[in-house]
Amino acid sequence: MDRAGRSPCSLLGLDTLSRGARIFGMSKPARLGLLGLGTVGSGLVEIVRKNAASIEKRSGVRLEIVRALVKSPGKARPLPLEQVVLDAESIFNDPGIDIVVEVMGGIEPAKGYILRALEAGKSVVTANKAVLAAHGAEIFQKAKDTGKQLGFEASVCGGIPIIRALSSGMIANEVDELVGILNGTSNYILTRMYKDKLSFEEALRLAQVNGLAEADPTFDVEGIDAAHKLIVLTELTFQTKATLDDLEREGITQIEPVDIKVADEFGFVIKPVAVARRQGDALDLRVHPALVPFEHPLGPVSDEFNAVMVKGDATGEMIFHGKGAGSLPTASAVMSDIIEIARNPSSGVMWNPTKSRRVNHLEGRSRYYLRFPIHDRSGLIGKIATVLGNYGISITHALARLNNGTGNVMIVTHETSETEVCRALAEITAAGVLSGEPLSLRILE
Ligand SMILES: NC(=O)c1ccc[n+]([C@@H]2O[C@H](COP(=O)([O-])OP(=O)(O)OC[C@H]3O[C@@H](n4cnc5c(N)ncnc54)[C@H](OP(=O)(O)O)[C@@H]3O)[C@@H](O)[C@H]2O)c1
């Protein structure tokens with residue numbers, strides 16, 4: 001106690017919340033209306049069912065799921081049928097619902113429903129990175145105008161509390177750089193190609209069988225999902241508006257088993273990375289596969305796990321690692337927003353992407369891994385090396401893998417500029433000496 005009789009907890013502002021939990025009958029209600037009752041929605045139901053009592057004890061928030069909106073009648077549901085509805089207005093118009101949880105996905109009607117819920121005086125929690133990447137500014141403006149909260153912890157990296165870390169834990173920092181593995185499906189596929197020696201197609205099928213990839217995996221394997229998440233992180237961290245067109249984006253579909261094997265022989269593992277880097281007044285944003293040294297912090301991040309490395313000017317480098325998707329990890333992140341809003345309805349994440357920075361893919365320098373598909377012809381490797389040399393690209397490792405006169409030449413370069421690599425590859429391709437498209441991957445140092 002200090003002289004005024006305040007406890008150390010009170011001085012730190014910590015005891016208000018737990019007191020609510022301790023004094024019987026003082027819990028704050030969080031009455032939830034769910035938009036969607038699929039993977040994440042069902043995870044929420046499970047968490048409420050299993051942990052509501054202990055959550056109430058620890059947080060002082062009493063959870064109650066009032067009802068859930070779905071699209072298709074007749075499916076088995078984890079809630080009693082009278083709580084499952086097909087009419088969204090019955091959620092927006094219910095004064096007994098405090099927080100609307102959007103876990104349906106997609107752009108519309110999700111965006112319209114989020115705006116409608118805010119207009120109806122509800123706070124909203126969403127797990128939907130696609131809608132935030134496309135319409136985040138409008139949605140946050142509506143939250144501001146209506147004085148309501150908008151939680152989006154689950155929209156990036158599922159169970160990893162990266163939004164709270166960036167918006168609160170690291171608020172004292174200017175962030176210079178953020179590098180992560182933001183898509184669990186791509187990471188799982190590349191991991192299976194590496195550990196089980198599968199082809200891309202086999203690894204993708206395994207991901208689908210294990211519920212880690214959609215029937216149409218385009219968003220995951222073409223880097224769109226990671227790009228959505230990078231936009232959310234960028235707008236939050238750098239307060240700068242970004243769009244899909246601002247990003248350089250490459251998927252993982254062109255990676256072949258030979259790339260995985262040769263990268264391994266050279267001391268690297270191939271990872272699907274997303275990078276946001278401040279360069280003076282501009283931001284460099286990219287999503288692409290890259291060779292990562294075994295000893296790099298992202299090197300051991302395997303299977304469907306995600307990780308984000310953040311470099312703050314005060315903290316230095318931090319790394320966040322965990323499950324980036326799945327019913328319960330994602331529902332756990334949704335729940336953290338619900339509890340935060342119920343405890344403190346006037347708190348909120350600062351989302352203010354108003355800084356006018358040049359946002360695009362900027363010319364960068366790095367080492368490169370290059371693969372040239374060839375038919376065995378004498379002098380071909382020399383020709384490739386000569387063109388690279390003409391563009392000032394020097395080679396640290398080179399090897400050829402040929403079978404029955406066909407195969408690939410793999411090269412690792414010293415640090416060089418992206419422009420020079422592109423020009424050299426264009427000249428080699430135009431010379432008509434290759435049997436397919438060359439591949440270039442950056443090496444993340
Ligand atoms: N799954 C994950 O691991 C994960 C991780 C992080 C973030 N997220 C995000 O969380 C959100 C939900 O993902 P999910 O995997 O739970 O999706 P999901 O399993 O496909 O579930 C979607 C739910 O929304 C309902 N729904 C869809 N469109 C609707 C409409 N027009 N009207 C009414 N209901 C509609 C569906 O109804 P029916 O049941 O009748 O079809 C279903 O219950 C997405 O934004 C996703 O990106 C998911």
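Everything numeric in this text was worked out from a predicted model, so none of it was measured. The first residue in the sequence is number 1, and the count goes up from there. Counting convention: from 1, in listed order, for ligands and their atoms alike.
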Glu340 versus Asn344, side-chain donor and acceptor atoms under 3.5 Å: no
Ligand 1 polar-atom proximity to protein (N/O, under 3.5 Å):
unit_1	atom_1	unit_2	atom_2	d
ligand 1	3 (O)	Gly326	N	2.6
ligand 1	16 (O)	Thr39	N	3.1
ligand 1	16 (O)	Val40	N	2.8
ligand 1	19 (O)	Thr39	N	2.9
ligand 1	19 (O)	Thr39	OG1	3.1
ligand 1	34 (N)	Lys71	N	3.3
ligand 1	37 (O)	Lys71	N	3.1
ligand 1	39 (O)	Lys75	NZ	3.4
ligand 1	39 (O)	Arg77	NH1	2.7
ligand 1	39 (O)	Arg77	NH2	3.3
ligand 1	40 (O)	Lys71	N	2.9
ligand 1	40 (O)	Ser72	N	2.6
ligand 1	40 (O)	Ser72	OG	3.0
ligand 1	40 (O)	Arg77	NH2	2.8
ligand 1	41 (O)	Lys75	NZ	2.8
ligand 1	43 (O)	Leu37	N	2.8
ligand 1	43 (O)	Gly38	N	3.1
ligand 1	47 (O)	Lys129	NZ	3.0

Pair listing, side-chain hydrogen bond (donor to acceptor under 3.5 Å, both in side chains) test, anchored in residues 259-268, at least two apart: Tyr194-Asp264, Asp259-Tyr369, Asp259-Arg371, Lys261-Glu265, Glu265-Arg401
Polar side chain donor-acceptor pair, Thr243 to Asp246, under 3.5 angstrom: yes
Aromatic ring proximity His296/Phe268, centre distance under 6.0 Å: no
Sequence-distant partners of Glu201, side chain to side chain contact (heavy atoms under 4.5 Å, CB included), two or more places apart: Ser199, Arg205
Side chain to side chain contact (heavy atoms under 4.5 Å, CB included) against Ser336, all qualifying residues, sequence neighbours excluded: Glu153, Arg164
